[in-house]
Structures are given as C-alpha cells and as structure tokens.
Amino acid sequence: MKSVHENPKVTMKSSLVLLVLFFASSIKFNEALIHDPEIVHFMVPGEWVDNDKSGLRIFCHNAKSKYIINLWKTVIMTLKTNLESYELYEGSSPHEVVDKHEENQRYWRFNLFSSKKSKQFSINPFENSCIGVYMSPKGNQFKYKLIMTQNTIDLFKISLTAVGIFMFWYAKKLSRNTLFYYMSGISLGVTLSILILIYLLGKLFPKGKFMYLMVATGYTMSFYVAQILLENAQVIAMQYRDYVLYYILSTALISFIICYRIGPVTNTRTRNIIQWALQIAGLVCVYHSSYFREASTSLCILLLVLYNVPTIFYYKSRDYWKQMFPERRRLLTDDEYRKEAVIETKKALDGLQQFCHSPQCNPWKTVLTLKDPIRFARFMEGNSHLLENESMEHDAELTKLIDECDLTDDEEYNNSNFSF
C-alpha cells in the first residue's frame, strides 16, 4: 500500500523535472537562435537583405535620438517577394518576435479565409523595432528581399498635422457652416450606405441553422468582405465603373435630399457638440501625425493654450509691442503729396455737397454766413469752386513752385559734385 501511494509523487516530481528541463532547453535554444547572425539582422536605412532559406529571420532597427528636426521622420520596411506562404511578426526585440512565433506554432489555428498580407509597413524610428519573416520549410521557394528606407519628411504626416490643426482651429466655423454640413452629410450617407446593403442581403438568407451560422461567423465574414473590398477596390472601380458611379451618385443624391429636408443644425448645444467632436478629432490627428510623441503632445497642448487664451491679452501685448517698438513713418514724396492733396480736396468738396443736400443742413442759415451766396449756389449745381482767374493764378503759382524746387535740386547736385 505504501508503494502505491509513493508512485504518484515520484511521477509528479519527474514530470516537473522534465518540464523544467524542457523550458531550460527551449530558453537556451531561443538564446542561441537570437544571437545567431544569420537569423537576426540589424539594419540601417538604405540597406537591404536577400534571403533564400526557410525558417524564421528577424530584421531589427535600433532606436535613434529624438530631435525636433525629425518630427515627421519615418522608417519603412518593404518586403519584395512573389510568395504568399509567409508569416510576419512584429515586436520590440528579437525575444518578443521569437515568443510570438513559437506561440503561433504551438497552437493550431483555424483560418477560415486567407487574406493578402501587407508587404510595406512603417516602424517607429525612435524605438527599437523588429520584424520577423517566417517561411515554412514545406515549400520549394523561399527567396525574398527586405529593404529598409527612410523618409526624413513624410508628406502624409505633414498633411495629417495640417488637417488636424485646421480642424481644431476652425471647428467653430465649420460646425456652423452650411456647405460643410451638406458635404459631411453626403459623405456620411455614401459611406454608411454599405450597411443598408448588408442589411438587405441578410434578409435574403433563410432562417434556421444557416442563419445561426452566419451570426456566429458574422465578424469573420464582415472582416473578410472588408478586406476583399479594400484590396480589390481599384479593380472593382475600373471594371464596374458605371455601376460604381451610379451607386455613388444615387446615394449622394438621397443623402442630399435627407440633409435638405432636415436642414442645417440651428440648436446651439448641438453645434457645440459638433465643434467639440471636430476639435477632438483634430487633436487626435495632430497626436498621431508623428512618432515623436513628446513633440506631438506639446503641439496639442500649445493649440489648446493658444485657442483658450483671451483675445484681450493678444491685443494688449500687440499695443505694448507697438509702444516699445513704434513703426517708423515714411515721408511722402512731392508727387505723392500733390496726388494726395488733389484726392483729399475732391473728397472734402464732395462731402460738402452731400452735407448741404442732406436734411441736417439749414440752407438759409448757411446762406447768411456766406460772402458770395451765388458762387456757392453754382458750386452746389456742379460748377467749379474756383473762378477762372483763381485757377490761372493757382496754376502759375504751382509752376513757379515746381521750377524753384528743380532749381534748388540742381544747385545741391552741383555743390555736391564740386565738393568731390
């Protein structure tokens, strides 16, 4: 009886010992795998690696220092191969990539639909990143090429930053703009119309066990359909462009009619909700527009501060700046002075005529204060405010003044030449 009770303990101890030895051996194997230079490749931008062997290969990129000049910097890895029988694993270190690979190989996974894998992806240049490419040894071909490139200024991220700032700063105007209301309504209607198609197609399926199966695999089916549509969107648009165009036009027209029937938003609280939603979306765009999270977060905080600072501080600071550093006034030239005198004189005379014709002017009181009422009456009827002899005297005096100015300039010029 004693030996019967001792056997399970011995068996349990031996199982634990075997389990510990198994994990120890697996850890040693992983360490050897990670430190193998043929397995792990540390790459720099502009480098590429050719591979024609099966198994797991890990490609890593070491983190770079963060500088504000690298705000929109991205590193891109491109896998060039004609094969589809490969698996990708992402991690921050070779250990993490190997763990994900072993976890995937340890369990049998049922994949109902096979989808096309992405062959180009961006990685964070400011963090340690590793990509594992696994080629199954069951195949006959394993050749592929992995290229690492770098974009110092990513135009997509710059555009995302600009869009985010615009959405945040002009959210109040956009939430109250009629054109933005119709454009958003039409875009939303065209985008969400696919849900109506899915609902109508669901009505066509028979009830019963098949319906339960569709409900159970609904998420997988939806994900698969979405992948197929995205991957073949260009092909569908080219081959069935007439149907796609009719579909977009019809859904856009229906969306416009619904928006027109409802009308633009007039409730203040609803407008505020739309404004806050746009501002939050803008901040999210700014935050995700750079891998330099500290800089993008600082930009979000700066936008919040500048937007919420009272305008009185801005005007006071501007007035204080003008007092401390006043602008230097530019003097008018002779030609500018004469032109401005003619223009301002004409404006003043026109203003005088308008005032005298207005109800605010008392004509009899005005006539009593004039020395020559007949001359003033002629001026009010459109004649010149100057007599003929006054015009001649004015022209002669102006000509004499211009001649004196020219003579003075010539004398100054001669004196300056003589001094040299």
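As a basis for the values below, the full set of heavy atoms in this structure was taken, side chains included, without hydrogen atoms, waters or symmetry mates. For clarity, every value in this text was computed on a predicted model and none was experimentally measured.
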Do side-chain atoms of Ser296 reach the backbone of Arg293 as a donor and acceptor pair under 3.5 angstrom?
yes

Answer yes if the side chains of Ser289 and Thr161 hold a donor-acceptor pair under 3.5 Å, and no otherwise.
yes

Pair Cys361, Cys356 - check disulfide bond (SG atoms under 2.5 Å apart), show working.
CA-CA 5 Å; Cys361 177; Cys356 293; 4.4 Å; no

Quick one: sort the His41 and Phe59 rings into parallel, tilted or perpendicular, breaks at 30° and 60°.
parallel

To the nearest 0.5 Å, tell me how far Leu174 CG sits from Leu278 CG.
6.0 Å

Can you find a pair of side-chain heavy atoms, one from Gln275 and one from Asn272, that are under 4.5 Å apart?
yes

Determine the minimum heavy-atom distance between Leu303 and Phe168, stating which atoms define it.
O-CE2, 3.5 Å

So Leu79 and Ile147, do their side chains get closer than 4.5 Å, heavy atoms only?
no

Could you label the plane-to-plane angle of the Phe256 and Tyr260 rings as parallel, tilted or perpendicular, counting under 30° as parallel and over 60° as perpendicular?
parallel

Output for pair (Leu249 CG, Ile254 CD1), nearest 0.5 Å, gives 11.0 Å

Min side-chain heavy-atom separation Leu349-Gln353 under 4.5 Å
no

Run the numbers on Ile58 and Val98 for side chain to side chain contact (heavy atoms under 4.5 Å, CB included), then give the verdict.
CA-CA 9 Å; Ile58 303 174; Val98 172; 3.7 Å; yes

Pair Ser193, Tyr247: side-chain N/O donor-acceptor within cut-off below 3.5 Å:
yes

How are the rings of Phe126 and Phe292 set relative to one another: parallel (under 30°), tilted (30 to 60°) or perpendicular (over 60°)?
tilted

Answer yes or no: is there a side-chain heavy-atom contact under 4.5 Å between Met148 and His61?
yes

If every non-hydrogen atom of Phe180 is compared with every non-hydrogen atom of Asn177, which pair is closest and at what distance?
N-OD1, 2.9 Å

Is Lys66 atom NZ crowded by more than 12 heavy atoms from other residues, nucleotides or ligands, each under 6.0 Å away?
yes

Regarding Lys157 and the six-membered ring of Trp72, is the cationic atom NZ or CZ under 6.0 Å from the ring centre and inside 45° of its axis?
no

Does CG belonging to Leu245 count more than 12 external heavy atoms closer than 6.0 Å?
yes

Should Thr81 and Val133 count as side-chain neighbours, where that means a heavy-atom distance under 4.5 Å?
no

Can you find a pair of side-chain heavy atoms, one from Trp169 and one from Gln279, that are under 4.5 Å apart?
no

State, yes or no, whether a side-chain contact exists between Asn151 and Lys73 at a heavy-atom distance under 4.5 Å.
no

Heavy-atom pair with the smallest gap, counting every atom of Ile123 and Tyr291
O-CE1, 3.8 Å

Is it true that atom OH of Tyr170 has more than 12 heavy atoms of other residues, nucleotides or ligands lying nearer than 6.0 Å?
no

State plainly whether the residues Lys339 and Asp335 are in salt-bridge range, i.e. N to O under 4.0 Å.
no

Please give me the minimum heavy-atom distance between Tyr287 and Cys300, naming the atom from each residue.
N-SG, 3.9 Å

Check the pair Met43, Val49 against side chain to side chain contact (heavy atoms under 4.5 Å, CB included), reporting the backbone distance first and the verdict last.
CA-CA 9 Å; Met43 303 178 63; Val49 175; 4.0 Å; yes

Atom CE of Met380: over 12 foreign heavy atoms under 6.0 Å:
yes

Indicate yes or no: at least one non-hydrogen side-chain atom of Trp48 is less than 4.5 angstrom from one of Leu146.
no

Could you tell me whether a side-chain N or O of Lys100 sits under 3.5 Å from a main-chain N or O of Glu90, the two making a donor and an acceptor?
yes

Verify side chain to side chain contact (heavy atoms under 4.5 Å, CB included) between Cys60 and Val40, making sure each step is shown before the conclusion.
CA-CA 7 Å; Cys60 297; Val40 181; 4.3 Å; yes

Compare every heavy atom of Thr78 with every heavy atom of Ile76, then report the nearest pair and how far apart it is.
CG2-OG1, 3.9 Å

Within the distance-only criterion (no hydrogens, no angle test), does the side chain of Glu47 pair as donor or acceptor with the backbone N or O of Val44 below 3.5 angstrom?
yes

Within 45° of the ring axis of Tyr134 and under 6.0 Å from its six-membered ring centre, is that where the NZ or CZ of Arg57 lies?
no

Side-chain donor-acceptor pair present, Glu127, Ser129, cut-off under 3.5 Å:
no

State whether the number of non-hydrogen atoms from other residues, nucleotides or ligands found under 6.0 Å of Tyr243 atom OH is greater than 12.
no

Please report the shortest heavy-atom distance between Ser255 and Val190, naming the atom on each side.
OG-N, 4.0 Å

Got more than 12 heavy atoms from elsewhere within 6.0 Å of CG, Leu306?
yes

